[in-house]
Amino acid sequence: MAIDRVLRSNIKLRHLQLVIALDEFRHLGRTAEFLSVTQPAVSKMLGEVEQMLGVSLFQRSTRGTQPTVAGRSLVRFARSVLAEYERTRDEIAALESGAAGRTRVGAMVVATPTLVAPAVARLKSRAPGATVLIQEGDLTHLLPKLRLGEIDLFVGRLEPGYAAPDLLTEKLYEEKMVAVAPPGHPLTRKKGVRWRDIAPLPCVLPPPWASLRVKLEQQFYREHLQPPADLVESASFLAQITFIRQRQAVGFMAASVGEHFERDGFVQRLALPVDVELPPVGLIVVRERPLTAVSEQLVQCLREEAVQRKTKANGRRKRGA
């Protein structure tokens, strides 16, 4: 096929960089500025690609540019190719310089402070020259990046609805959820906090689209209560802690995260049983894409950190028995 020949032989990296930039900026002038070329040069290069493929890739108007169906397909192809190019370039550069290489991790906030950060510390103790790029987000944001090769692995909650044949998942640990409040909050002095104590108070909850938000609201309904009306909604720990402290509000966190921020003096856990089932925390990689050596090392560090967490948790349970 002619298109197959064009994609294999005629399309150059500069063409792929062009379509990605056009998709990002949706404007010929801003794309030209980003690529450090003139606007006529951008128009000429885009015309070359469209002529090679025999299809229109972007619709031009006074308001800017919009990718066509074929344009969106080429953008996906371009992102995948350039991600693999950058990965290979970094591997070769690391070998030449004697450094340990670079790994790119997509992490949910629930895993960042208590799993990813200590695992990275383990990695750096063994390979100080290793570079770790962390991109935070949720599954909907990070899985497309994983499939395109823009990140090497995902660390976070393994929501069952996202399982797919092209992905390999590995469960690392499970944990419960806790309620937290600012240090010194009146509820921190109660030995038995109840859901009706929380319902009338300011609360910080996950966004409405998060599965955890639905489960927390169901917990209030099971107690024959309306969920709190005075809300701030955020998936960011920085925002959660800020508003918990600023508004003297109650929030909800994974147990390990609540313990982590309690040690740092930001919050205090409440004596409230939170009977909310959480998906396990674990890893996701693309099945047919081998990990680089440094990514493999980081995966091993994540496993070791998870084992250590389980050992500590078991020790605490035995002491409390």
Side-chain angles (χ1 to χ4, degrees), residues 83 86-87 90 100-127 130-177 206-207 209-212 234-240 252-261 277-313:
E86 290 173 0
R87 171 179 160 144
D90 291 345
R102 184 169 182 259
T103 184
R104 302 160 300 174
V105 182
M108 290 178 68
V109 290
V110 69
T112 303
T114 58
L115 176 63
V116 175
V120 169
R122 283 177 184 263
L123 174 67
K124 297 291 276 184
S125 69
R126 301 169 189 177
T131 301
V132 184
L133 170 68
I134 309 284
Q135 291 191 43
E136 281 195 339
D138 57 24
L139 267 170
T140 26
H141 174 67
L142 293 172
L143 276 192
K145 290 180 175 290
L146 179 66
R147 286 187 164 109
L148 286 170
E150 294 178 0
I151 57 176
D152 301 310
L153 63 146
F154 164 87
V155 186
R157 293 214 183 280
L158 304 180
E159 296 280 358
Y162 288 90
D166 64 320
L167 301 175
L168 281 173
T169 62
E170 179 181 342
K171 184 174 79 172
L172 293 177
Y173 62 84
E174 296 182 272
E175 63 180 337
K176 295 185 177 297
M177 174 148 285
W209 44 260
S211 61
L212 178 57
S234 178
S236 158
F237 285 143
L238 176 59
Q240 287 175 22
F252 296 87
M253 296 177 175
S256 62
V257 176
E259 183 181 347
H260 172 82
F261 287 124
E277 187 177 339
L278 298 176
V281 172
L283 307 168
I284 303 179
V285 297
V286 175
R287 185 179 295 274
E288 300 298 333
R289 185 187 299 144
L291 292 174
T292 62
V294 67
S295 295
E296 286 277 14
Q297 288 184 66
L298 179 59
V299 167
Q300 184 57 35
C301 291
L302 289 162
R303 290 171 180 151
E304 291 171 10
E305 189 61 34
V307 169
Q308 182 169 310
R309 286 169 46 86
K310 291 176 186 175
T311 303
K312 288 180 179 177

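- No donor-acceptor pair closer than 3.5 Å links the side chain of R287 to the backbone N or O of A164.
- Side-chain contact between R303 and L172 is present, with heavy atoms from C-beta onward closer than 4.5 Å.
- In this structure the side chain of F154 never reaches within 4.5 angstrom of the side chain of K145, judged on heavy atoms.
- Scanning both residues, H141 and G137, for their nearest heavy atoms gives CD2-CA, 4.1 Å.
- Smallest separation of non-hydrogen atoms from V299 and L283: CG1-CD1, 3.7 Å.
- The line from CG of L123 to CD of E304 is 10.5 Å long, rounded to the nearest 0.5 Å.
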>> One pair to check against side chain to side chain contact (heavy atoms under 4.5 Å, CB included): L153 and T103. What are the steps and the verdict?
In response: CA-CA 9 Å; L153 63 146; T103 184; 3.8 Å; yes
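- Between the Q240 side chain and the S234 main chain, a donor and an acceptor come within less than 3.5 Å of each other.
- In this structure, C301 and A119 approach most closely via the heavy-atom pair CB-O, 3.5 Å.
- From Q300, atom CD reaches atom CG of L291 across 12.0 Å, with rounding to the nearest 0.5 Å.
- Between the side chains of Q308 and R122, at least one donor N or O sits under 3.5 Å from an acceptor N or O.
- Atom CD of residue E305 and atom CG of residue L115 lie 6.5 Å apart, to the nearest 0.5 angstrom.
- Distance check, rounded to the nearest 0.5 Å: CD of E277 to CD of E174 gives 8.0 Å.
- With a 4.5 Å cut-off on side-chain heavy atoms, L146 and L167 count as touching.
- In terms of heavy atoms, A107 sits closest to I134 at CB-CG2, 4.3 Å.
- One N or O on the side chain of E175 and one on the backbone of S256 form a donor-acceptor pair closer than 3.5 Å.
- In this structure, D152 and R102 approach most closely via the heavy-atom pair OD2-O, 4.4 Å.
- Note that the CZ atom of F252 and the CG atom of L212 stand 9.0 Å from one another [nearest 0.5 Å].
- Two residues are said to be in side-chain contact when any heavy atoms from C-beta on lie closer than 4.5 Å; L298 and V120 meet this criterion.
- With a 4.5 Å cut-off on side-chain heavy atoms, Y162 and T169 do not count as touching.
- Inter-residue side-chain proximity for D138 and W209 is flagged as met; some heavy-atom pair is nearer than 4.5 Å.
- In this structure, CG in L168 is found 11.5 Å from CZ in R289, a value given to the nearest 0.5 Å.
- Using a 4.5 Å heavy-atom cutoff, the side chains of V257 and V109 are not in contact.
- In this structure, R104 contributes its side chain and G149 its backbone to a donor-acceptor pair below 3.5 Å.
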>> side chain to side chain contact (heavy atoms under 4.5 Å, CB included) for S211 and R157? Distances and angles first, verdict last.
In response: CA-CA 11 Å; S211 61; R157 293 214 183 280; over 6 Å; no
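- Here E259 does not pair with R309 in a salt bridge; the nearest charged N to carboxylate O distance is not below 4.0 Å.
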